[in-house]
Amino acid sequence: MARNTSGSHTSATDARARARQIQEEQRRKDSRRRTGVIWGSVLAVVLVIGLVVAFVLNRNGDDAAAAGPIPAVANEQGGIELTSATDLAEGAGEREVDPSKIEVPKQAASSQPETLPNTEARGDGEPTRIVLYEDFNCVHCADFESTNGDQIEQWLEQGEVTVEYRMVDYLSAPNNQNYSARAANAAYCVADQKPEAYNGFVSALFAAYDEHQGKGLDNAALTQLAQEHGADIASCVEDGTFRSAVEYTTRQARAAGVAGTPTVFVDGKNWALDGEDKTFIDWAGAKIAG
């Protein structure tokens with residue numbers, strides 16, 4: 001009896017065709033997967049490069065490095081000096097500053113400075129001079145202010161000290177939208193527009209650290225905080241009016257060897273070196289008592 005082989009031959013042909021189809025589909029899937037991985041890697045690299053570029057541009061960009069105004073009440077170091085809780089010392093006057101002209105060592109300082117410009121005692125009978133290098137996004141600065149702020153305020157009210165804030169931008173980053181620079185700019189805005197509110201505004205910015213925990217406040221919150229202290233700085237904040245001044249003060253600090261914040265000087269002595277085994281209040285209090 002003759003065998004019918006046409007059906008089995010057709011089935012084998014269909015099986016082989018189906019196998020080839022499956023293999024081809026698998027090759028296409030593998031190709032798409034490889035392409036996806038490659039493009040995913042490319043996009044990841046582009047994203048990282050973009051973040052780095054954004055950080056560099058925002059942290060040290062042309063706008064921040066360009067010459068710009070600084071409040072008249074700021075001194076030659078960019079500091080704002082309190083002579084009481086509501087009064088500021090006379091500054092260096094209205095002028096423009098050019099951060100790009102300040103040479104900063106390529107190798108950052110790694111030790112505490114023994115001396116800094118214009119921090120020394122003024123003379124017999126003059127108030128003790130406290131100079132603070134701080135960053136509004138520095139947790140240790142916020143802790144320093146929380147621990148010592150009330151006593152410093154009391155010394156100010158009693159006329160025993162002057163307190164100078166040299167606010168620097170050491171901790172700006174994309175993840176906090178360059179908060180250190182924006183907050184320091186806002187503080188300059190308040191000093192310029194409502195000097196009597198400066199001390200309270202600075203204290204409020206440091207107190208806000210517990211809330212934002214290093215993420216910073218947005219511009220609306222900075223403006224609102226200033227309004228609560230009687231200062232309207234909306235346009236100054238949005239325009240970044242004193243961002244060049246912030247960069248100027250920051251470069252002055254780096255050029256002088258300020259490696260970190262807070263760096264605290266009293267009558268020309270560095271607390272970290274001269275009073276490292278004492279609390280700030282005990283150490284500074286002894287100098288004030290004379």
Side-chain angles (χ1 to χ4, degrees), residues 59-61 64-82 88-93 95-123 126-138 140-142 144-145 148 152 161-172 178 180-181 183-185 187-188 191 198 202 206 242-276 280 283-284 287:
R59 175 63 182 84
N60 291 312
I70 190 169
V73 292
N75 60 32
E76 291 296 342
Q77 298 300 316
I80 302 291
E81 183 181 6
L82 290 154
L88 302 182
E90 184 177 351
R95 64 205 189 278
E96 282 203 344
V97 290
D98 189 348
S100 67
K101 292 183 178 180
I102 301 171
E103 293 188 11
V104 178
K106 292 182 180 180
Q107 180 89 22
S110 59
S111 60
Q112 286 284 343
E114 293 185 5
T115 61
L116 285 173
N118 299 324
T119 60
E120 64 279 354
R122 290 191 176 87
E126 295 293 322
T128 299
R129 188 180 199 178
I130 299 175
V131 178
L132 305 170
Y133 286 84
E134 296 189 294
D135 183 309
F136 281 119
N137 210 28
C138 161
H140 301 299
C141 300
F144 176 87
E145 293 290 332
N148 304 299
I152 291 174
V161 303
T162 62
V163 180
E164 181 183 336
Y165 284 99
R166 299 178 183 178
M167 300 307 306
V168 297
D169 173 19
Y170 280 10
L171 298 173
S172 280
N178 297 320
S180 297
N185 173 73
Y188 272 146
Y198 178 79
V202 167
F206 280 121
F242 297 116
R243 285 289 291 273
S244 291
V246 173
E247 184 68 10
Y248 168 85
T249 304
T250 300
R251 293 192 184 191
Q252 290 268 46
R254 291 194 185 279
V258 177
T261 55
T263 293
V264 181
F265 271 67
V266 174
D267 278 350
K269 299 294 184 181
N270 186 340
W271 175 36
L273 300 178
D274 190 64
E276 59 182 343
F280 173 76
W283 175 72
K287 292 185 177 299

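One is the number of the first residue; the rest follow in order along the sequence. The structure displayed is predicted, hence computed values, not measured ones.
You'll find the side chain of N118 reaches within 4.5 Å of the side chain of R166, heavy atoms only. Using a 4.5 Å cut-off on side-chain heavy atoms (C-beta onward), V246 and M167 make no contact.
Formation of a donor-acceptor pair under 3.5 Å by the E145 side chain with backbone atoms of V202 is not found in this model.
Heavy atoms only, all atoms of each residue included: A181 and D169 are closest at CB-OD2, 3.3 Å. When all heavy atoms of A284 and V266 are compared, the pair lying nearest together is CB-CG2, 4.3 Å. The two residues V163 and V161 come nearest to each other via the heavy atoms CG2-CG2, 3.9 Å. Taking both residues in full, the closest heavy atoms of L116 and Y133 are given as CD1-CE1, 3.4 Å, listed atom of the first, atom of the second, then distance. Shortest non-hydrogen contact noted between P262 and C141 is N-SG, 3.5 Å. Considering all non-hydrogen atoms of both residues, N270 and A272 come closest at OD1-N, 2.9 Å.
For the side-chain hydrogen bond (donor to acceptor under 3.5 Å, both in side chains) test with S180, the passing option among D135, T250, T261, N137 is D135; the others fail.
For the atom pair CH2 (W271) and CG (L132), the distance works out to 10.0 Å, reported to the nearest 0.5 Å. For the atom pair OH (Y170) and CD (E134), the distance works out to 12.5 Å, reported to the nearest 0.5 Å. Note that the OG1 atom of T249 and the CG atom of N75 stand 8.5 Å from one another [nearest 0.5 Å]. Note that the CD atom of E81 and the CZ atom of R129 stand 6.0 Å from one another [nearest 0.5 Å]. Remark: E164 CD to L82 CG distance equals 9.5 Å, nearest 0.5 Å. Atoms OG1 and CG, on T115 and L273 in that order, are 10.5 Å from each other to the nearest 0.5 Å.
Counting heavy-atom neighbours within 6.0 Å of E120 CD, excluding the residue itself, gives a total above 12. When the shell of 6.0 Å around CD of E126 is examined, it contains more than 12 heavy atoms from other residues, nucleotides or ligands.
Ring orientation note: the planes of F206 and F136 are tilted relative to one another, at an angle of 30° to 60°.
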Between I152 and F280, does the side-chain contact (heavy atoms from CB on, under 4.5 Å) criterion hold? Intermediate values first, please. CA-CA 10 Å; I152 291 174; F280 173 76; 4.0 Å; yes
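Note on residues 266-276: pairs passing salt bridge (Lys or Arg N to Asp or Glu O under 4.0 Å), not counting sequence neighbours, are D274-K287.
Both the sub-6.0 Å distance and the 45° axial angle are not jointly satisfied by R243 relative to the ring of Y188.
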